[in-house]
*Asks:* 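What follows is a structure written as structure tokens; I'll ask about it next.
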Amino acid sequence: MSSHWKNVRADFPILHQQVNGKPLVYLDNAATAQKPRAVIDALVRYYERDNSNVHRGLHALSMRATDAYEGARARIAKFIHAADPAEIIFTRGTTESINIVARSFGARLKPGDVILATEMEHHSNLVPWQQAARASGATLRYVPVLGADAEGGLDLAALGTLLTPQVKVFAFTHVSNTLGGINPVAELCARARAAGAVSVIDAAQSIGHGPFDVRAIGADFVAFSGHKMCGPTGIGVLYGRRALLDTLPPDETGGGMVTSVDYEGARWKPAPERFEAGTPHIAGAIGLAAACDYLDGLGREEIARHDNALAALAYEKLSALPGIRLLGPKGARSGLVSFAFAEVHAHDIVTFADEDGLALRGGHHCNQPLMRKLGLTGTTRASFYVYNTAEEIDVLVASLRRILKFFGAS
Ligand SMILES: *Cc1c(COP(=O)(O)O)cnc(C)c1O
């Protein structure tokens with residue numbers, strides 16, 4: 001590992017505090033990640049020195065802000081190996097990115113068309129497609145998950161019958177935020193393309209946790225959030241293949257996205273401006289670029305190795321707890337584990353673990369249909385990132401033992 005890793009924890013000011021008299025153990029990274037000093041400094045620097053509106057100004061601050069904002073777009077293009085910065089549209093996050101595709105591409109759909117999603121989608125990659133189906137008369141179908149604990153991942157064998165010529169869009173997550181499994185996105189994109197469908201990847205749980213190459217994957221659209229990859233909240237990205245983006249109508253309209261307007265109508269700029277009406281989150285984009293620098297400094301392969309190794313270790317140690325039900329694949333997984341006990345509700349576990357300084361997440365994780373299918377009301381999830389350690393997994397396991405004893409479940 002590179003020398004950057006030596007002081008990783010020192011890079012994150014928030015980690016150095018006590019919660020309920022215990023050192024904070026932050027294992028809620030799948031909900032949001034902490035921010036390194038470099039990202040916080042980039043935000044402060046922008047507001048202290050360069051703050052101005054972008055694109056329409058001719059004065060020094062506006063030109064600086066524009067350069068920094070467009071520089072951030074180019075930096076993020078590089079981060080995901082996009083061919084062209086114009087393929088990077090800044091949004092509020094994964095949710096808004098998927099809504100834009102679902103409305104804008106969805107406007108093309110008609111009765112008889114099929115939208116294909118999977119049973120493991122986050123509500124953000126599910127409800128917008130339900131809405132698109134309702135608005136267009138298209139049908140929404142799902143690729144099933146396999147196994148009582150969804151340990152078998154997606155039923156890829158079912159794709160043969162599901163990916164008919166009627167399928168116009170195939171939307172799927174790269175990594176499930178509840179199961180931790182890693183879907184074979186390059187294969188899924190190739191299958192979509194062969195069927196004549198456009199692919200949409202929800203990369204919220206993957207992009208900050210390892211290498212990601214949109215061209216090698218062959219994706220048409222990719223959605224992700226800044227805040228899950230050490231960047232600020234309120235900023236995210238919709239990547240779209242250039243040739244596709246310029247054929248789509250805008251979603252929101254207003255200032256900044258038009259070439260000319262008269263009282264009768266307006267003409268749209270090409271992407272990315274076409275999809276960025278109004279003043280964008282300039283500071284957020286700059287902070288997100290700083291997060292890309294930070295993560296590349298650590299090394300994306302190294303981040304994947306680190307996070308996945310911690311999750312594998314947690315999975316192994318948690319397996320020893322009486323009555324535990326672990327979800328998702330038994331083998332290779334990304335940096336999170338999700339589990340349930342018949343006797344103790346996930347909300348109680350999270351509340352009691354907080355007494356031990358632990359930040360966990362319990363509930364349906366925006367996967368209600370999947371929870372229902374698996375016969376669960378929710379799970380407890382521990383999710384790992386660059387600053388987590390093997391010692392923190394011991395704190396987790398000890399805390400769970402204490403809680404199980406308290407509830408008379410061990
Ligand atoms: C967090 C998450 C989302 C939603 O991201 P937002 O930042 O809340 O828009 C969507 N999909 C997955 C898999 C997620 O983990």
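Below, each value reflects all heavy atoms present in this structure, side chains not excepted, and no hydrogens, waters or symmetry copies.
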*Asks:* Go through the side-chain N and O atoms of Asn388 and Asn29 and say whether any donor and acceptor fall under 3.5 Å apart.
*Replies:*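 Yes, Asn29 and Asn388 have a side-chain donor paired with an acceptor closer than 3.5 Å.
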
*Asks:* Would you call Asp394 and Lys317 a salt bridge, taking side-chain N to carboxylate O under 4.0 Å as the test?
*Replies:*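 Salt bridge present between Asp394 and Lys317.
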
*Asks:* Ignoring hydrogens and geometry beyond distance, is a side-chain donor-acceptor pair present between His365 and Thr379 at under 3.5 Å?
*Replies:*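 Checked: His365/Thr379 side chains pair up, N/O donor to acceptor below 3.5 Å.
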
*Asks:* Below 4.0 angstrom, N of the basic side chain to O of the carboxylate: do Asp296 and Arg75 qualify?
*Replies:*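 Salt bridge between Asp296 and Arg75, a charged N being under 4.0 Å from a carboxylate O: yes.
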
*Asks:* For Met257, does its backbone N or O pair with a side-chain atom of Trp268 as donor and acceptor, under 3.5 Å?
*Replies:*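 Not confirmed, Trp268 side chain does not pair with Met257 backbone.
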
*Asks:* Kindly determine whether Arg241 and Asp84 satisfy salt bridge (charged side-chain N to carboxylate O under 4.0 Å, His left out), including the steps that lead there.
*Replies:* CA-CA 9 Å; Arg241 240 178 356 93; Asp84 183 346; over 6 Å; no

*Asks:* Indicate yes or no: does Lys110 engage Asp113 in a salt bridge with an N to O separation below 4.0 Å.
*Replies:*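 Salt bridge present between Lys110 and Asp113.
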
*Asks:* To the nearest 0.5 Å, what is the distance between NE2 (His123) and CD1 (Ile98)?
*Replies:*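 Between atom NE2 of His123 and atom CD1 of Ile98 there are 12.5 Å.
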
*Asks:* For residues Thr247 and Arg108, is any side-chain donor paired with an opposing acceptor at under 3.5 Å?
*Replies:*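 The answer is yes; a qualifying pair exists.
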
*Asks:* Please evaluate residues Phe384 and Leu27 with respect to the criterion side chain to side chain contact (heavy atoms under 4.5 Å, CB included), reporting the C-alpha separation (whole Å), side-chain torsions for both, the decisive distance (0.1 Å), and the verdict.
*Replies:* CA-CA 6 Å; Phe384 305 97; Leu27 299 181; 3.6 Å; yes

*Asks:* For the NZ atom on Lys22, are there more than 12 heavy atoms of other groups (residues, nucleotides or ligands in this structure) within a distance under 6.0 Å?
*Replies:*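 Enclosed: over 12 neighbouring heavy atoms sit under 6.0 Å from NZ of Lys22.
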
*Asks:* Are the charged groups of Glu87 and Arg215 less than 4.0 angstrom apart, N to O?
*Replies:*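 Result for this pair is no, no salt bridge flagged.
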
*Asks:* Start with the C-alpha gap between Thr118 and Glu121, add the side-chain angles, then the distance that decides, and say whether side chain to side chain donor-acceptor pair (under 3.5 Å) holds.
*Replies:* CA-CA 6 Å; Thr118 86; Glu121 295 314 309; 2.6 Å; yes

*Asks:* Taking only Lys NZ, Arg NE, NH1 and NH2, and the carboxylate oxygens of Asp or Glu, determine whether Lys6 and Asp11 approach each other closer than 4.0 Å.
*Replies:*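 No, no charged N to carboxylate O under 4.0 Å.
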
*Asks:* Are Arg9 and Glu392 close enough for a salt bridge, meaning some N to O gap below 4.0 Å?
*Replies:*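 A salt bridge is present here (some side-chain N lies under 4.0 Å from a carboxylate O).
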
*Asks:* Would you say the side-chain atoms of Ser97 and Thr91 include a donor-acceptor pair closer than 3.5 Å?
*Replies:*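 Per modelled atom types, Ser97 and Thr91 side chains form a pair under 3.5 Å.
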
*Asks:* Taking all non-hydrogen atoms of both residues into account, name the closest pair between Lys168 and Leu109 and its distance.
*Replies:*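 Taking every non-hydrogen atom into account, CB-CD2, 3.6 Å.
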
*Asks:* Taking it one step at a time, do Tyr69 and Phe90 satisfy ring-ring contact (aromatic ring centres under 6.0 Å, His included)?
*Replies:* CA-CA 10 Å; Tyr69 182 66; Phe90 286 119; 5.2 Å; yes

